[in-house]
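If you're wondering where the values come from, they're calculated on a predicted model, not measured in any experiment. Order of the sequence lines fixes the chain letters, A, B, ..., with proteins taken first and strands second; residue numbering starts at 1 for each chain.
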There are 2 protein chains.
Amino acid sequence: MKATINDVAKQAGVSIKTVSRVINNETSVRQLTREKVQQAVEELNYQPNLAARNLAGAKSFSIAYIYDNPNAYYIIDMQEGILSACKKQGFELLIHPCDAKNKNITEEVVNMVKHARIAGLILTPPLSEMPEFVKTLVDLDVKVVRIMSGDVAPDDLSPCVMVNDRDAAQTITQHLIDLGHKDIAFIAGDAKHMSTIERYKGYRKALKASNIDFDKKLVIEGDYSFDSGVSGAKQLMSTESNNTRPTAIFSCNDEIAAGALFAARLMNISIPEQLSIVGFENSPFSRQTWPKLTTADQPNGQIAEDAANLLLSQVRKQKNQVTISQYVPKLIVRDSSALCSNV
Amino acid sequence: MKATINDVAKQAGVSIKTVSRVINNETSVRQLTREKVQQAVEELNYQPNLAARNLAGAKSFSIAYIYDNPNAYYIIDMQEGILSACKKQGFELLIHPCDAKNKNITEEVVNMVKHARIAGLILTPPLSEMPEFVKTLVDLDVKVVRIMSGDVAPDDLSPCVMVNDRDAAQTITQHLIDLGHKDIAFIAGDAKHMSTIERYKGYRKALKASNIDFDKKLVIEGDYSFDSGVSGAKQLMSTESNNTRPTAIFSCNDEIAAGALFAARLMNISIPEQLSIVGFENSPFSRQTWPKLTTADQPNGQIAEDAANLLLSQVRKQKNQVTISQYVPKLIVRDSSALCSNV
DNA sequence: TTAGTAATTGACAGCGCTGTCATTTTTTTA
DNA sequence: TAAAAAAATGACAGCGCTGTCAATTACTAA
């Protein structure tokens with residue numbers, strides 16, 4: 001039914017080993033022979049059997065995406081990006097959700113990697129930000145690629161795809177400054193996440209660049225949740241507070257922004273007339289608020305595909321065609337930010 | 001490094017074939033022998049190699065989850081449920097997002113099934129509701145399990161796990177009726193989805209059961225989106241309208257409800273004092289609105305695990321331990337519904 | 001007891017592919 | 001032009017497991 005390597009070999013008039021060489025892109029096959037084989041592959045619509053490849057060779061054709069992240073949108077984007085790269089290169093993707101707080105997570109993942117003969121792993125925050133965990137895996141002879149927040153890789157444990165949250169945060173803060181805002185609040189995400197730290201740095205940097213005094217009271221701790229946004233905004237905008245009321249809020253992600261938006265409405269503060277609110281991530285969430293959120297777009301699918309390609313080229317020991325490995329989320333101006341009315 | 005079937009056989013003092021029998025739960029192995037083997041398996045922490053099993057046998061140990069659904073939360077829940085069943089039974093899960101509107105989808109999936117030697121498939125709406133598509137797959141000798149909306153399977157193409165949206169919708173409508181509401185609007189989801197149709201039936205049934213006249217004008221077409229909710233609620237609650245203004249809105253899912261909630265706020269209608277709004281699905285979304293949504297909880301993870309178990313028992317040709325195959329989403333009363341003020 | 005049946009076990013081939021290494025062909029060098 | 005080196009190809013074993021079928025052992029009934 002399905003064509004096997006034998007069928008191809010017969011059709012091309014060569015040995016199966018030669019076919020194997022061609023489909024694995026090995027050198028030392030004459031151009032003419034290669035073409036004959038390739039033609040036979042086409043004609044028979046041959047696709048190598050993954051199980052057989054995994055079993056026979058020292059190599060494996062499976063990679064895994066290990067994650068622990070409450071953001072379903074993010075995960076789905078990642079999965080699709082990785083899958084797209086896998087499909088093109090004939091690899092198989094196993095997904096492995098897990099709990100970063102679990103003490104046995106390292107053991108669990110090591111076990112899975114060994115058992116399923118995984119060639120490589122893709123890690124996203126927060127797992128990618130756990131050095132011990134990453135080190136254990138790298139020592140295990142699996143290739144690893146991490147997606148992380150920052151401008152350059154923090155170490156050389158593995159190749160990384162960096163998401164420059166700092167610069168993006170600076171840009172988005174600058175956008176608010178350009179609109180005349182000076183009292184710009186910051187509602188933070190989970191303090192343990194690099195992304196929060198980086199976004200905070202960008203925020204500070206933008207203020208500094210425009211010589212705006214930094215007011216500690218305008219920084220609220222949060223945790224990347226809607227509720228954080230609600231309580232953060234309430235705290236910031238409460239009339240009883242003796243702080244300066246900000247005219248703009250930089251929320252560490254769209255969920256927080258949505259929460260802030262909601263709180264503002266409850267307090268009869270109109271957006272964006274009286275208060276500008278910006279998010280981060282450009283999740284579908286940000287289009288389901290009203291007004292729609294100004295935010296920073298992170299092309300997660302593409303980042304994931306990039307990471308997967310990086311990983312696959314590693315696994316296949318190809319010369320590292322190092323692709324762009326740094327992304328800077330881009331400002332998307334929508335309706336939740338406007339000129340500062342205090343000016 | 002990793003123990004193979006040979007190691008286990010040696011340790012237990014039997015042939016590898018006997019080990020194979022034990023790990024595959026075949027009959028005709030003496031109890032004593034079985035125990036010896038099981039002990040060896042334990043001692044060596046042996047886990048059969050999936051690639052080898054897939055290659056050697058006529059059977060396959062991989063199943064796939066094929067989906068096309070914009071709801072990331074739903075997909076993630078499904079994946080985790082299925083994975084959980086797979087892990088327990090030593091199966092591998094491949095995920096395959098796709099586009100139901102694509103003409104070639106059947107070909108695409110057939111190809112993947114053949115290529116990856118997939119033993120079984122899990123289908124969710126809308127794919128599970130495409131009879132032609134399902135039929136093609138079933139004819140292909142892959143086992144299929146569908147998750148669908150309804151009370152009984154619409155055909156016997158494959159086993160189904162049914163989600164009784166109708167009864168749940170009736171219950172949730174009844175909840176509104178119990179609160180004294182009589183003018184209850186209905187904002188529909190995508191008209192092509194069975195779930196919309198079923199929920200609508202339940203809504204009608206509840207009205208009828210309480211002898212409440214049905215008012216066609218209170219039914220709004222929508223599409224499971226936030227925007228649907230916004231525009232639907234606006235239309236319903238607009239003062240210019242010469243319709244009866246409803247005192248309660250049944251939204252076909254939480255996203256619609258969130259949209260309706262938002263529109264209500266914009267129109268200065270307080271929830272739930274002046275208007276009750278209920279959702280459906282109990283997505284994380286429903287906890288991120290304010291007030292939190294009264295909704296119907298659908299245990300997606302469990303439904304998925306159930307479906308996977310059904311599929312696996314099929315694949316393994318075990319006697320059909322038919323588990324519960326109908327779920328009725330349960331009413332969750334939160335803060336968006338209250339006594340009707342018109343009474 | 002003893003053939004006769006049923007339950008248990010094992011030997012062996014082979015799934016589709018890759019790794020090793022030997023063989024053949026081509027190219028280079030002297 | 002022959003010998004040496006390099007490149008291209010193929011024969012074959014074996015990855016870890018399951019299917020087939022034959023061999024062994026345990027249990028019946030006569």
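The two atoms that bring V142(B) and I118(B) nearest to each other are CG1-O, 3.1 Å, heavy atoms only. In terms of heavy atoms, S60(A) sits closest to R117(A) at OG-O, 2.5 Å. Minimum heavy-atom separation, L127(A) to A100(A): CD2-CB, 3.8 Å.
Heavy-atom distances to DNA chain D give each of R53(B) and R21(B) a nearest nucleotide, and the one nearer the 5′ end belongs to R53(B). Comparing R34(B) and A52(B) by the nucleotide of DNA chain C that holds the closest heavy atom to each, the one mapping nearer the 5' end is R34(B).
Between K17(A) and the phosphate of dC21(C), there is no side-chain N or O to OP1/OP2 separation shorter than 4.0 Å. Distances shorter than 4.0 Å separate some side-chain N or O of S20(B) from OP1 or OP2 on dT18(D). Residue N6(B) places no side-chain N or O under 4.0 Å from the OP1 or OP2 atom of dG16(D). Regarding contacts with the backbone of dG16(C), every side-chain N or O of T4(A) stays at 4.0 angstrom or more from both OP1 and OP2. The phosphate of dG10(D) has OP1 or OP2 within less than 4.0 Å of a side-chain N or O from T18(A). Put simply, S28(B) has no side-chain N or O that comes within less than 4.0 Å of OP1 or OP2 on dT8(C). In this model, the phosphate group of dT9(D) is approached by a side-chain N or O of R30(A) to a distance below 4.0 Å at OP1 or OP2. Checking the phosphate oxygens (OP1, OP2) of dC15(C), no side-chain nitrogen or oxygen of N49(A) falls inside 4.0 Å.
Within the 4.5 Å cutoff, the side chain of M162(A) has no heavy atoms near those of the V328(A) side chain.
Atom P of nucleotide dG14(D) and atom CG of L55(B) are separated by 17 Å, given to the nearest angstrom. As a whole-Å value, the separation of N25(A) CG from dC17(C) C1' is 17 Å. At whole-Å resolution of the value, NZ in K10(A) and C1' in dG16(C) are 13 Å apart. Spacing between atom CD1 of I16(A) and atom P of dC12(D) amounts to 11 Å, rounded to whole angstrom units. Here the P atom of nucleotide dC15(D) and the CZ atom of F61(A) are 18 Å apart, to the nearest Å. The CG-C1' distance, from L32(B) to dT25(D), rounds to 14 Å in whole Å. Rounded to an integer number of Å, the gap from CG of N54(B) to P of dG19(D) is 12 Å. Atoms CD (Q31(B)) and P (dT8(C)) sit 10 Å apart, rounded to a whole Å.
Looking at heavy-atom distances under 4.0 Å, N24(A) makes contact with sugar-phosphate atoms alone, never a base. Looking at heavy-atom distances under 4.0 Å, T33(A) makes contact with sugar-phosphate atoms alone, never a base. When heavy atoms are screened at a 4.0 angstrom cut-off, Y46(A) is found touching the sugar-phosphate backbone but no base atom.
Distances from the side chain of S15(B) to the nucleotides dG19(C), dG10(C), dC17(C) place dG10(C) closest. Proximity note for I5(B) (side chain, C-beta onward) versus dG19(C), dG16(C), dT18(D): the nearest is dT18(D).
For the side chain to side chain donor-acceptor pair (under 3.5 Å) with Y327(B), the qualifying choice from N164(B), N300(B), D306(B) is D306(B), the only one to do so.
Looking at R117(B), its side chain has no donor and acceptor atom pair within 3.5 Å of the base of dG16(C).
A donor-acceptor pair under 3.5 Å is absent between the side-chain atoms of S62(B) and the main chain of E92(B), judged by distance alone.
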